[in-house]
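Keep in mind that the numbers below use all heavy atoms, side chains included, and drop hydrogens, waters and symmetry copies. Reminder, nothing fancy here: chain letters follow the sequence lines and each chain counts from 1.
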Amino acid sequence: MMRVFEKIALPGTLAAALFVGVAMVPSYAVASTDRPEVNAGLMTMGEKVYGRECAACHGVKGEGDGPGAYLLFTKPRNFDLGVYMLRTTPNGEFPTDDDLFRAVTNGIPNSMMPSFRELPAKERWALVEVVKRLSAIDETPATIDIPAAPQVTTALLKQGEQVYTRLKCAACHGAAGQADGPSSLTLKNDAKERVWAADLTMGVFKGGSTAEDLYTRVITGMDGSPMPSYATQASPDEIWALVHYVKTLAKNE
Amino acid sequence: MRTLSTCMALSVSFVLAVQAEDAFAKVAYKEVAVTNGGTVQGKINFSGAVPNQPTELIGKDNEVCGNGEVTPNPVQVGGGGELAGVVVFIEDISSGKAWSTTEFTLNQTKCTFEPYLQVMKKGAELTIKNSDPVLHNVHPYEIIGDKRRTIFNMAQPDLNQVNTKKIKTRRSQVVQLACDAHNWMSGWIYVQENPYNAVVGADGSFSIGDVPPGDYVLKAWHPVLGVQEQAFSVDANGVAQVAFDFSAQ
């Protein structure tokens, strides 16, 4: 019987070995553990864990109205509406199972969603199945294609600044990315809560702060929030230039 | 604590079990030739004091969008009490005429949505143009009771750019259009399976033709004032007259 620290240490070592120096992988991507079989036993486990860990905020029906939700701003995700901010799928589509697993494992920085990394992977996969049922997710959308990243040069960063201007990011994010654009004053999310565009100078991003994470956000948008998709507005090279320019705004790259 | 979490787990099981029974198949609308159809027509009136609708300030991009306050979701009543901005439709009809068009468009001009109100075929594509030299993001929401869910959110930063996107609704027929960059912009789309519908003119009048003879329920929906319904019958090549009277609730 593995002891708790052994359960954490072994997968963690493996994860570290896999992820050191792999440029295309997000900085805290989860180790792709074996998926458990989806059966009645897994669902029962998931319901039990959901009741224990999630329902306090997300509510028993997953409508974001648990007894602890009153303490939180913004309110917890309403799974019943089936709209998700952090996806690797196109705008307006459902998330993948991996997207959900990542959110449960890592939590969402700069939000109220904590990490549940301490739960065994099997329990986190069980939670993914419960959330999928609550959202009536009945299809697996294809993930977006992320082409190879270019080398980061001064010329690329200069191009990125021009793309930032052309796509009019400053309307919400502000000319220097400080979340002070004119439209930032009136933004609301799906739940009609007053929200702000991300302060790009903070260097903390809900979906992760690697270039690939930011690329994904710009292409897929963040459904449920005011952040739109720019999938049809710029070429992959332009988006890479843009996200590397955005990373310089935080000055802690 | 254990009792509470067990109770919550049991509640979640119940919810999941109920959801599995959901969604029975609805019979799809069938397009057939209608040779002896009738017409249902009439007028929408408004009685009583016109409610004051909230206004919003045009707070940015004034050189393009203008100045002052606008009413995003107006209640438009004419001098003779005629109500505009209403969708009239037959909800339950299993077969009938074909849609006359399945091409639907939306324009953003001077920071307003045009048309403000339209009916679209369920699942159809919308061709969207930005006619302004400012960033608009096209953000339709599916309205489900007092909640809303993003259908998609697409940026259009360039003047004269055109994109086509599907309007996918899952549970509701009401879609509200928004622009996060310009918070006063509002528009509506009513989603229908069958083509028996009309957006009333400024004079409050409507006419829907090629209705297969029979008994139906005609509904009238206004984004702010809600929905009303009236039963009617139409004979072969006949005309049925239906009037609706809205008032502030």
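In this view, Cys65(B) and Cys111(B) satisfy the disulfide bond (SG atoms under 2.5 Å apart) rule, not counting sequence neighbours.
Heavy atoms closer than 4.5 Å to chain B are found in both the backbone and the side chain of Leu81(A). Ser225(A) touches chain B through its backbone: at least one of N, CA, C or O sits under 4.5 Å from a heavy atom, while the side chain does not. Heavy atoms of Val138(B) lying under 4.5 Å from chain A are absent altogether. For chain A, no part of Lys166(B) is nearby; none of its heavy atoms comes within less than 4.5 Å. Proximity to chain A is limited to the backbone of Ile151(B), based on heavy atoms less than 4.5 angstrom apart. Only the backbone of Asn189(A) comes within less than 4.5 Å of a heavy atom in chain B; its side chain stays farther off. Interface remark: Gln161(B) contributes side-chain atoms only to the contact with chain A (heavy atom separation under 4.5 Å).
Of all heavy-atom pairs between Gln192(B) and Tyr196(B), the closest is NE2-O, 4.3 Å.
By the neighbour-count criterion of 12 heavy atoms within 6.0 Å, atom CG of Asn39(A) is densely surrounded, having more than that number from other residues, nucleotides or ligands.
Using a 4.0 Å cut-off between charged nitrogen and carboxylate oxygen, Arg87(A) and Asp223(A) count as a salt-bridge pair. For Glu142(B) and Lys147(B), the salt-bridge test fails: no basic side-chain N is under 4.0 Å from an acidic carboxylate O.
Within residues 231-239 of chain A, the residues that have a heavy atom under 4.5 Å from a heavy atom of chain B are Thr232(A), Gln233(A), listed by number.
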